[in-house]
Amino acid sequence: YQVSVRIINQTGREWIMEAFGEVKRDNTGKALSIHGTAQDVTERKKAEEELQKIFTLTPDLIAIARPDGYFNKINPAWEQLLGYSVDEIMKMDYAELIHPLDLQPTLNEVQTQIKGEATINFINRYRCKNGSYKFLEWNASPAPDGTLYAIARDITERKRVEKEREQFFQFFQTSNDLMSLADSNGTFLKTNPSFSATLGYSEAELISRPFFDFVVPEDKQATIDKFKRQMQVGVTLNFENRYLCKDGTIKWLSWRASFSKEDRITYATARDISNVRKGELELKKLYKEINSSGDIIFNTDTQGIFTYV
């Protein structure tokens with residue numbers, strides 16, 4: 001026989017004893033004697049209970065798998081993340097759950113584990129019951145008998161953020177508009193190629209300098225005031241100022257910017273409106289010349305009706 005019993009001594013301390021033994025009986029089945037041993041397994045049982053709590057409560061996926069592609073044991077986090085019941089997953093070859101594009105790399109990694117090498121930060125995608133996929137990052141270690149002990153973390157959100165960041169910087173690099181990142185002091189942290197193409201400065205000449213250094217003196221105070229206001233309200237829309245180019249010319253820029261209070265960074269984009277401004281000035285000059293002229297100037301539509309005199 002093998003039994004585990006809890007014993008409370010006179011001081012109130014609880015012990016867990018594990019007993020192994022054999023009952024000797026006569027020909028009629030009557031017990032004659034008991035021979036066996038008992039061992040204090042209190043600390044071992046407590047450790048097992050603590051490990052079971054971790055196994056049950058951790059949000060990471062824990063698995064004990066066989067080389068043939070089936071699981072010996074998985075924790076409840078699998079069901080919570082993928083949507084399948086634990087029983088459903090236990091009946092499946094784990095290859096059925098892996099994204100087709102990740103299957104061969106995963107099988108290659110498993111073969112590496114079977115040879116005795118550990119897996120560190122291996123990433124693949126597992127299919128959820130609703131058809132979507134989760135990115136998992138694995139760490140695993142093999143036992144001598146080929147059993148695989150593995151733990152995986154859901155990194156789907158991290159991968160989404162990485163993809164968005166990659167798409168943003170791809171747009172950042174190719175945009176025709178001027179784009180920049182600046183700290184809470186107004187110092188450029190990064191500028192895109194259009195910034196250099198428009199103003200003539202290299203990125204190395206722009207970064208680590210406050211953008212106020214590049215604003216014409218007449219617009220500097222208005223720019224500082226707008227920047228301070230932006231840090232309070234978070235957004236700047238259609239603010240116009242003039243920037244000094246490296247060759248001494250001036251560019252009119254129209255800004256849209258957003259200040260992130262969390263990372264204390266201003267994300268800004270600007271459009272070169274110099275030609276628009278030049279056209280407006282030429283039009284105003286023309287109207288002024290017309291209004292001061294002694295000649296009669298008029299315009300009519302196709303019906304002969306005056307539209308301007």
Side-chain angles (χ1 to χ4, degrees), residues 1-6 14-20 37-163:
Y1 63 87
Q2 177 181 347
V3 294
S4 293
V5 294
R6 293 179 183 268
E14 182 180 273
W15 296 42
I16 302 175
M17 304 296 293
E18 198 168 73
F20 302 86
T37 60
Q39 182 181 6
D40 178 10
V41 294
T42 305
E43 295 303 319
R44 192 190 80 192
K45 287 293 185 180
K46 286 183 177 179
E48 289 175 354
E49 290 173 0
E50 290 174 355
L51 285 174
Q52 184 60 39
K53 287 181 180 178
I54 294 172
F55 185 84
T56 302
L57 298 176
T58 181
D60 290 338
L61 280 62
I62 300 176
I64 302 173
R66 304 194 302 267
D68 64 2
Y70 288 86
F71 294 109
N72 284 337
K73 190 174 184 180
I74 59 174
N75 67 332
W78 283 81
E79 182 172 345
Q80 296 164 11
L81 182 66
L82 301 183
Y84 301 97
S85 69
V86 170
D87 289 339
E88 286 177 312
I89 296 174
M90 292 291 290
K91 295 175 183 176
M92 301 170 70
D93 184 326
Y94 53 74
E96 299 176 41
L97 297 169
I98 298 171
H99 191 287
L101 295 179
D102 297 340
L103 181 56
Q104 192 57 53
T106 301
L107 295 176
N108 294 342
E109 189 66 26
V110 170
Q111 288 303 311
T112 300
Q113 294 170 12
I114 292 174
K115 293 176 183 177
E117 297 183 27
T119 287
I120 300 175
N121 301 333
F122 176 75
I123 297 173
N124 63 6
R125 288 164 287 181
Y126 265 61
R127 189 184 71 249
C128 299
K129 194 168 186 177
N130 64 8
S132 62
Y133 282 87
K134 297 289 186 180
F135 279 93
L136 301 179
E137 185 174 61
W138 292 89
N139 287 285
S141 180
D145 64 357
T147 302
L148 304 176
Y149 296 85
I151 184 167
R153 177 158 295 177
D154 177 16
I155 60 167
T156 306
E157 179 62 18
R158 190 186 87 189
K159 297 294 283 186
R160 184 191 66 79
V161 172
E162 288 175 356
K163 184 176 181 179

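- Ser141 pairs by the side-chain contact (heavy atoms from CB on, under 4.5 Å) definition with nothing, not counting sequence neighbours.
- With sequence neighbours excluded, the residues that form a side chain to side chain donor-acceptor pair (under 3.5 Å) with Tyr84 are Arg127.
- Scanning both residues, Pro59 and Ala77, for their nearest heavy atoms gives O-CB, 3.6 Å.
- The closest side-chain heavy-atom distance from Glu109 to Thr106 is not below 4.5 Å.
- Counting only heavy atoms from C-beta outward, the side chains of Thr119 and Asn139 never approach each other to under 4.5 Å.
- In this view, Asp68 and Arg66 satisfy the side chain to side chain donor-acceptor pair (under 3.5 Å) rule, not counting sequence neighbours.
- One finds the CD1 atom of Ile89 at 7.5 Å from the CE atom of Met92 (value rounded to the nearest 0.5 Å).
- Shortest non-hydrogen contact noted between Ala65 and Phe71 is CB-CD2, 3.9 Å.
- Annotation for Gly146 and Pro67: closest pair O-CG, 3.2 Å, computed over non-hydrogen atoms.
- Using bins of under 30°, 30° to 60° and over 60° for the plane-to-plane angle, the ring pair Trp78/Tyr126 lands in the perpendicular bin.
- Remark: Asp145 pairs with Ala143, Thr147 by the side-chain contact (heavy atoms from CB on, under 4.5 Å) rule, at least two apart or across chains.
- Lys159 meets the salt bridge (Lys or Arg N to Asp or Glu O under 4.0 Å) test with Glu162; sequence neighbours excluded.
- Taking the ring-ring contact (aromatic ring centres under 6.0 Å, His included) definition, one finds that Tyr133 meets it with His99, sequence neighbours left out.
- Using a 4.5 Å cut-off on side-chain heavy atoms (C-beta onward), Val86 and Ile74 make contact.
- Listed by chain and residue number, nothing satisfies the side-chain contact (heavy atoms from CB on, under 4.5 Å) test with Ala118 (two or more places apart in sequence, or in another chain).
- Annotation: the span from Tyr94 atom OH to Leu148 atom CG amounts to 6.0 Å, rounded to 0.5 Å.
- Contact detail for Ala140 and Gln113: the closest heavy-atom pair is CB-NE2, 3.8 Å.
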Does the side-chain contact (heavy atoms from CB on, under 4.5 Å) test come out yes or no for Asn75 and Thr56, once each step is laid out? CA-CA 6 Å; Asn75 67 332; Thr56 302; over 6 Å; no
Step by step, work out the side-chain hydrogen bond (donor to acceptor under 3.5 Å, both in side chains) result for Asp154 and Thr156. CA-CA 6 Å; Asp154 177 16; Thr156 306; 2.6 Å; yes
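- Residue Asn130 holds its CG atom at 9.5 Å from CG of Leu82, rounded to the nearest 0.5 Å.
- By the side-chain contact (heavy atoms from CB on, under 4.5 Å) test, Ile123 is found to be paired with Phe135, Glu137, Ile155, Arg158, residues two or more places apart in sequence or in another chain being considered.
- Among residues two or more places apart in sequence or in another chain, the side chain to side chain donor-acceptor pair (under 3.5 Å) test is passed with Thr112 by none.
- Pairs of residues two or more places apart, or lying in two chains, never qualify as salt bridge (charged side-chain N to carboxylate O under 4.0 Å, His left out) while including a residue from residues 70-79.
- Every salt bridge (Lys or Arg N to Asp or Glu O under 4.0 Å) that Asp60 has, sequence neighbours left out, goes to Arg153.
- The stretch residues 90-104 participates, sequence neighbours left out, in these salt bridge (charged side-chain N to carboxylate O under 4.0 Å, His left out) pairs: Asp102-Arg125.
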